Protein chains: 2
Amino acid sequence: MALITKIKAYREKAGYKQNELAELVGARRETIVHLENGRYNPSLKLAMDIAKVFGVTVEELFEFTDEPEK
Amino acid sequence: MALITKIKAYREKAGYKQNELAELVGARRETIVHLENGRYNPSLKLAMDIAKVFGVTVEELFEFTDEPEK
DNA sequence: AAATAATGTGAAATATTTATAACTTTATGG
DNA sequence: CCATAAAGTTATAAATATTTCACATTATTT
């Protein structure tokens, strides 16, 4: 399961730094880094909080593909 | 943060037992029980897999309220 | 009413996410 | 170029989700 996300694109479009987005959703900057780079499968709450910041659905922001992680 | 979910309503409408839904999404029956009863904040992957079974969005299926859990 | 199926509970073990912190690398502005 | 900001990495610890298992309760069928 590989995670594809558009967080970085939306974040830059909105003009936020990673640390600003982190603060908006009550997470650490490193967590945002890891998510933008598809490191892991976040909690539903965090995913929804981020989607809400950008006014998009979770489905628009995240997609799982079936490839087993190498 | 309290989690409200419509999993049970959709599951019954679709005619699945808890163990059948669990198998469809590769989880344990007890996990479904706990989710239906709002015990915890699932992973995004699990939430999306369940939503896909019912053909609805994650937002339609799950909602977080701000009340701190008692 | 008895038997069985379905749902619920809770504890212990395991897996995974998230936080924390310290450091590196890359971009950006003076 | 130099200074600083922003982004990325890695390791460890802490928190939380999920599995596993064993049993309890509630519903359903005969």
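Here is the naming used below: chain letters follow the sequence lines, and residue numbers restart at 1 for every chain. The structure presented is a predicted model; accordingly, all values stated were derived computationally and were not measured.
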Self-check item: With sequence neighbours excluded, residues passing salt bridge (charged side-chain N to carboxylate O under 4.0 Å, His left out) with A:R29
Solution: none
Exercise. Can you tell me the distance, in whole Å, between the OH atom of B:Y40 and the C1' atom of C:dT16?
Key: 13 Å
Practice problem: Examine B:L61 and B:V33 and state if one hydrophobic cluster contains both, with Ile, Leu, Val, Met, Phe, Trp and Tyr joined whenever side-chain heavy atoms are less than 4.5 Å apart. | Solution: no
Practice problem: Would you mind building the protein contact string for nucleotides 4-11 of chain D? One character per nucleotide, 5' to 3', B for base within reach (heavy atoms under 4.0 Å), S for sugar-phosphate only, - for untouched. | Solution: --SBBBB-
Quiz item: So, A:T5 side chain and A:F62 main chain: donor-acceptor pair closer than 3.5 Å or not?
Solution: no
Quiz prompt | Spacing of B:I32 atom CD1 relative to C:dG8 atom P, expressed in whole Å | solution = 12 Å
Quiz item: What's the CG-P distance between B:L35 and D:dT18, to the nearest Å?
Solution: 6 Å
Self-check item: Hydrophobic cluster membership, A:V25 vs A:Y40, 4.5 Å side-chain cutoff
Solution: yes
Quiz item: In degrees, rounded to 10°, what is the bend between the two ends of the helix from C:dA1-D:dT30 to C:dG30-D:dC1, using five pairs at each?
Solution: 50°
Exercise. Report yes if at least one side-chain N or O of B:S43 is closer than 4.0 Å to OP1 or OP2 of D:dT18; otherwise report no.
Key: yes
Quiz item: Taking the side chain of B:R28 as heavy atoms from C-beta outward, which of C:dT17, D:dT20, D:dA17 is closest to it?
Solution: D:dT20
Quiz item: Any side chain to side chain donor-acceptor pair (under 3.5 Å) pairs touching residues 14-23 of chain A, not counting sequence neighbours?
Solution: A:Q18-A:E36
Practice problem: Please collect all salt bridge (charged side-chain N to carboxylate O under 4.0 Å, His left out) contacts where either partner lies in residues 55-64 of chain A, sequence neighbours excluded, each pair once. | Solution: A:K6-A:E60
Quiz item: Whole Å only: how far is the NZ atom of A:K45 from the C1' atom of D:dA17?
Solution: 16 Å
Quiz item: Between atom CG of B:L3 and atom OG1 of B:T65, what is the distance when rounded to the nearest 0.5 Å?
Solution: 8.5 Å
Quiz item: Rounded to the nearest Å, what distance is computed from the CZ atom of residue A:F64 to the P atom of nucleotide C:dT16?
Solution: 13 Å
Quiz prompt | Nucleotide D:dT16, atom P - distance to CG of A:N41 in whole Å | solution = 17 Å
Quiz item: What nucleic acid atoms does B:T31 come within less than 4.0 Å of, heavy atoms only: base, sugar-phosphate, or nothing?
Solution: base
Quiz prompt | Straight-line distance of B:L44 CG to A:F64 CZ, nearest 0.5 Å | solution = 4.5 Å
Exercise. Please confirm whether the backbone N or O of A:N37 pairs with a side-chain atom of A:R39, one donor and one acceptor, at under 3.5 Å?
Key: yes
